[in-house]
Amino acid sequence: SQTIHQWPATLVQPVGSPLSLECTVEGTSNPNLYWYRQAAGRGLQLLFYSVGIGQISSEVPQNLSASRPQDRQFILSSKKLLLSDSGFYLCAQNSGRYNEQFFGPGTRLTVL
Amino acid sequence: AQTVTQSQPEMSVQEAETVTLSCTYDTSENNYYLFWYKQPPSRQMILVIRQEAYKQQNATENRFSVNFQKAAKSFSLKISDSQLGDTAMYFCAFMKRGGSQGNLIFGKGTKLSVKP
């Protein structure tokens, strides 16, 4: 089975402040990990994925970055938040025979 | 590049009735998976059902079934005996089989409301 933790659940930050969202997973070793953003009323946009420690691929150029310091830890960061960074951030890992993705509970970020 | 299209932004259905959500996709790949995810008001993404493209038989999971038409690149979701708890956003997703990335391509979603 797979369990995904995301912290914090909700965050309100001023424009220009830094950001750190954490995702930790249980279960499968060496999983692929993913960060998605979901703007209000819209679908999911893949931001980053990682196939291993220290390996990060960016799908969308922006002021966000990701890091994977441990096998089961995936961090989303920003040095200076923009208003457009507001949204719902979901972490996911792949698992199972079909390599499908399972999602964490998400973090709701509001940038004011 | 693959694309996934959900042409119904919103739908509603009466409790206990049946509803079908549409999804079409575009790909040049032959081996892939298709998924339906559900996102209730809690916003937790939940996997509802999966379909392997090389299997002709349509997948079913209790009240949820799909109509997979590979040639037409169509992948609709049928919900039978709708329940109030089925109220949610439903996302169709495509994933190429094989490779190390396992990236999902999502449609924009269909908001389903089940009315009592």
Side-chain angles (χ1 to χ4, degrees), chain A residues 1-6 8-11 23 25 28 30-53 55-60 66 68 86-110, chain B residues 1-10 21 23 25 29 31-55 59 61 66 68 75 88-113:
Chain A
S1 65
Q2 52 286 316
T3 302
I4 304 173
H5 304 278
Q6 287 190 242
T10 305
L11 187 62
C23 170
V25 305
T28 309
N30 196 32
N32 286 1
L33 298 176
Y34 306 84
W35 277 113
Y36 290 89
R37 176 169 60 201
Q38 185 179 29
R42 303 190 66 179
L44 280 75
Q45 179 187 37
L46 178 64
L47 302 175
F48 301 95
Y49 68 90
S50 171
V51 300
I53 295 174
Q55 299 179 63
I56 308 295
S57 296
S58 174
E59 290 293 301
V60 182
R68 186 168 176 179
S86 292
F88 191 64
Y89 289 82
L90 286 157
C91 178
Q93 71 163 340
N94 68 323
S95 180
R97 173 185 171 187
Y98 303 99
N99 213 30
E100 61 256 32
Q101 291 184 22
F102 295 91
F103 289 79
T107 294
R108 183 185 304 275
L109 171 66
T110 303
Chain B
Q2 291 82 24
T3 58
V4 177
T5 302
Q6 294 178 248
S7 59
Q8 305 151 314
E10 292 191 40
L21 309 183
C23 173
Y25 59 95
E29 301 289 338
N31 289 322
Y32 50 88
Y33 298 112
L34 295 163
F35 305 92
W36 278 98
Y37 283 86
K38 167 185 176 181
Q39 189 179 40
S42 67
R43 303 198 77 173
Q44 173 79 54
M45 289 286 285
I46 302 165
L47 178 63
V48 174
I49 198 166
R50 73 178 73 81
Q51 175 76 41
E52 298 163 76
Y54 61 88
K55 285 190 176 179
E61 287 287 343
V66 299
F68 174 49
F75 182 61
M89 283 288 291
Y90 286 82
F91 293 95
C92 178
F94 170 99
M95 185 175 75
K96 176 183 173 183
R97 191 180 178 197
S100 62
Q101 301 162 3
N103 292 356
L104 281 170
I105 309 298
F106 283 91
K108 293 189 175 183
T110 296
K111 183 178 181 180
L112 177 67
S113 299

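The chains referred to below are lettered A, B, ... by the order of the sequence lines, with proteins before strands, and numbering in each begins at 1.
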Evaluate the side-chain proximity of [Y] to [X]: yes if any heavy-atom separation is below 4.5 Å, no if none is.
| X | Y | value |
| --- | --- | --- |
| A:Phe102 | B:Ile46 | no |
| B:Leu104 | A:Leu46 | no |
| B:Tyr37 | A:Gln101 | yes |

Of all the heavy-atom pairs spanning B:Met95 and A:Glu100, show the shortest one and how long it is.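 Closest approach of B:Met95 to A:Glu100: CE-N, 4.5 Å.
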What's the separation between atom CG in A:Leu90 and atom CD in B:Gln44, rounded to the nearest 0.5 Å?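 A:Leu90 CG to B:Gln44 CD: 8.0 Å, rounded to 0.5 Å.
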Quick check for you: to the nearest 0.5 Å, what is the distance between A:Gln38 atom CD and B:Met45 atom CE?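 The CD atom of A:Gln38 sits 7.0 Å away from the CE atom of B:Met45.
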Region of B:Gln39 that comes under 4.5 Å of a non-hydrogen atom in chain A: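 It is the side chain, since no backbone atom gets that close.
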